[in-house]
Amino acid sequence: MNKFLLLILDIFFPNRCPICSSLINYDRSVCEGCLDKLKAFETDGMNLCDRCGKDNCICGDETSISRTVSLYVYSGEARKGIISLKGESKNFGYHIGKMLGEKIHSDEKLSKADLITAVPMSRKKRRSRGYDQAEVIAKAISEVTGIPYIKDLLHKHDSQTQHFLNAEQRRNNTDSFYADDKKDLSGKNIIICDDVITTGSTINKCARLLKNINAGEVYAASGTITLLKKE
Ligand SMILES: [Zn+2]
């Protein structure tokens with residue numbers, strides 16, 4: 001958006017930190033204090049599986065994802081940020097997208113990906129929220145890396161909210177995803193984004209669907225990730 005327009009918007013709709021709600025400059029997405037606290041949840045330097053991105057992974061050859069990058073452990077300020085992204089503010093999505101974009105940009109393999117897409121949201125949910133949080137992240141990554149964002153590769157039927165399901169039900173519930181089979185990715189390497197990876201079954205199912213329409217490598221980029229073992 002145009003800077004002047006942002007400034008005008010800022011007067012009528014003051015920009016706030018999505019984590020602590022303090023007022024922030026119109027060109028910021030998180031306040032300095034919260035940025036500092038977020039450092040405690042960074043996944044850098046942690047011993048995570050390269051493919052599925054989890055600690056204590058059991059992915060073996062079961063995953064369709066070649067590589068996962070995540071920014072924060074789903075906890076503390078990072079968790080608050082994700083909750084705000086599912087509620088009222090896109091700011092944490094901009095923050096995550098920018099940071100992931102920088103990470104991808106400096107990675108030899110991921111920076112050469114051909115396209116970026118997002119884990120889809122059902123139409124009903126998108127209508128009620130007004131935006132799709134994974135898409136906010138994907139578009140921000142695209143802006144930083146210059147890798148084009150592609151919409152409508154994957155879709156989701158309206159179904160039960162994942163949150164209320166147990167692990168087994170979640171695995172089955174991912175069947176509500178489907179790929180646009182009129183599209184052919186002809187071996188292109190794709191980055192798929194989401195705000196949080198919990199069991200990993202959702203993003204893995206989406207990766208498999210992308211492979212079904214001839215994606216080459218599929219990489220996962222996630223704002224946050226839940227860990228299996230207690231720290
Ligand atoms: Zn803050």
Side-chain angles (χ1 to χ4, degrees), residues 1-3 5-6 27 29-30 43 50-53 63-72 81-82 85-86 89-123 125-127 129-156 174 177-197 200 202-225:
M1 208 186 287
N2 173 307
K3 280 207 167 175
L5 213 66
L6 280 172
D27 58 353
S29 43
V30 176
T43 54
D50 211 32
R51 294 190 75 191
C52 69
T63 182
S64 303
I65 296 164
S66 324
R67 180 88 180 277
T68 296
V69 286
S70 63
L71 280 179
Y72 301 117
I82 294 295
L85 179 59
K86 292 184 183 197
S89 168
K90 293 184 193 170
N91 267 346
F92 201 64
Y94 298 142
H95 167 70
I96 282 173
K98 194 167 164 279
M99 299 263 297
L100 279 172
E102 281 160 15
K103 224 172 181 173
I104 288 165
H105 192 63
S106 61
D107 183 285
E108 208 189 321
K109 251 191 186 171
L110 270 66
S111 60
K112 294 197 186 91
D114 300 292
L115 296 167
I116 295 174
T117 196
V119 168
M121 182 182 259
S122 73
R123 266 188 227 174
K125 206 160 171 191
R126 194 197 159 105
R127 255 200 313 275
R129 188 166 299 165
Y131 62 88
D132 175 338
Q133 78 268 8
E135 185 185 79
V136 172
I137 299 168
K139 282 182 173 170
I141 294 175
S142 172
E143 228 167 86
V144 174
T145 58
I147 302 169
Y149 166 70
I150 179 164
K151 204 180 153 70
D152 295 336
L153 279 179
L154 300 171
H155 301 273
K156 189 176 193 283
T174 53
F177 291 102
Y178 60 100
D180 178 354
D181 54 15
K182 287 191 269 319
K183 293 203 167 75
D184 185 338
L185 292 167
S186 334
K188 286 195 169 73
N189 299 332
I190 316 282
I191 296 172
I192 180 158
C193 308
D194 210 354
D195 52 347
V196 51
I197 292 180
T202 301
I203 204 156
N204 190 34
K205 169 78 182 187
C206 290
R208 209 175 315 141
L209 289 170
L210 291 172
K211 293 255 180 177
N212 288 349
I213 53 169
N214 297 323
E217 303 286 332
V218 179
Y219 308 116
S222 172
T224 61
I225 195 153

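Just the heavy atoms: all of them, side chains too, but no hydrogens, waters or symmetry mates, feed the values below.
The shortest distance between side-chain heavy atoms of Leu110 and Arg67 falls below 4.5 Å. Here the side chains of Thr224 and Leu71 are not in contact, with every heavy-atom distance at 4.5 Å or above. Here the side chains of Asp195 and Val119 are not in contact, with every heavy-atom distance at 4.5 Å or above. The side-chain heavy atoms of Tyr131 and Glu135, taken from C-beta on, include no pair separated by under 4.5 Å. Residues Thr68 and Asp50 are not in side-chain contact: their nearest non-hydrogen atoms beyond the backbone lie 4.5 Å or more apart. Residues Thr117 and Lys151 have side chains not in contact (no heavy-atom distance under 4.5 Å, counting atoms from C-beta outward). At least one side-chain heavy atom of Thr145 sits under 4.5 Å from a side-chain heavy atom of Ile116. Under the 4.5 Å side-chain criterion, counting only non-hydrogen atoms from C-beta, Ile190 is not in contact with Asp114.
Within a 6.0 Å radius of NZ in Lys98, no more than 12 heavy atoms belonging to other residues, nucleotides or ligands are found. Counting non-hydrogen atoms of neighbouring residues, nucleotides and ligands closer than 6.0 angstrom, the CZ atom of Arg129 exceeds 12 such neighbours.
Proximity of a side-chain donor or acceptor of Lys103 to a complementary backbone N or O of Ser70 within less than 3.5 Å is detected. When atom types are taken as modelled, the side chain of Ser111 and the backbone of Asp107 share a donor-acceptor pair closer than 3.5 angstrom.
Side-chain atoms of Asn204 and Thr63 form a donor-acceptor pair, as typed in the model, at a separation below 3.5 Å.
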Worksheet item: Would Leu153 and Leu210 satisfy side chain to side chain contact (heavy atoms under 4.5 Å, CB included), going step by step from the backbone distance to the final call?
Response: CA-CA 8 Å; Leu153 279 179; Leu210 291 172; 3.9 Å; yes
Practice prompt. Let me see the working for Val30 and Met99 under side chain to side chain contact (heavy atoms under 4.5 Å, CB included), right down to the final yes or no.
Written response: CA-CA 12 Å; Val30 176; Met99 299 263 297; over 6 Å; no
Discussion item. For a side chain to side chain contact (heavy atoms under 4.5 Å, CB included) check, start with the C-alpha distance between Leu115 and Leu185, then their side-chain angles and the critical distance, and finish with the verdict.
Written reply: CA-CA 10 Å; Leu115 296 167; Leu185 292 167; 4.1 Å; yes
Worksheet item: Can you list the steps and then say if Glu143 with Tyr149 is a side-chain hydrogen bond (donor to acceptor under 3.5 Å, both in side chains)?
Response: CA-CA 9 Å; Glu143 228 167 86; Tyr149 166 70; over 6 Å; no
Discussion item. Run the side chain to side chain contact (heavy atoms under 4.5 Å, CB included) test on Lys156 and Met121 for me, step by step, so that the C-alpha distance in whole Å, both residues' side-chain angles and the decisive distance to 0.1 Å come before the verdict.
Written reply: CA-CA 6 Å; Lys156 189 176 193 283; Met121 182 182 259; 5.8 Å; no
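Atoms OH and CG, from Tyr178 and Asp180 in turn, are 8.5 Å apart once rounded to the nearest 0.5 Å. In this structure, the separation between CD1 on Ile192 and CG on Leu209 is 8.5 Å, given to the nearest 0.5 Å. The distance from atom CD1 of Ile203 to atom CG of Asp194, rounded to the nearest 0.5 Å, is 5.0 Å. Distance NZ/Lys112 to CD1/Ile191: 12.0 Å, rounded to 0.5 Å.
The minimum heavy-atom distance between Cys193 and Ala134, with the atom names listed, is O-CB, 3.8 Å. Heavy atoms only, all atoms of each residue included: Val218 and Ser64 are closest at CB-O, 4.0 Å. Of all non-hydrogen atoms in Asp181 and Ile213, the two that sit nearest each other are CA-CG2, 4.0 Å. For Ser142 against Ile147, the heavy-atom pair with the smallest separation is OG-O, 2.7 Å. Pro120 and Cys206 get closest at one heavy-atom pair: CD-SG, 4.0 Å. The shortest non-hydrogen separation linking Gln133 to Leu85 is CB-CG, 3.5 Å.
Checked for salt-bridge contact, Asp152 and Lys183 miss the test: no charged N lies under 4.0 Å from a carboxylate O.
Judged by a 6.0 Å distance limit and a 45° cone about the ring axis, Lys109 is not positioned over the six-membered ring of Tyr219. Cation-pi geometry between Lys205 and Phe177 is not met: the NZ or CZ atom fails to fall both under 6.0 Å from the ring centre and inside 45° of the normal.
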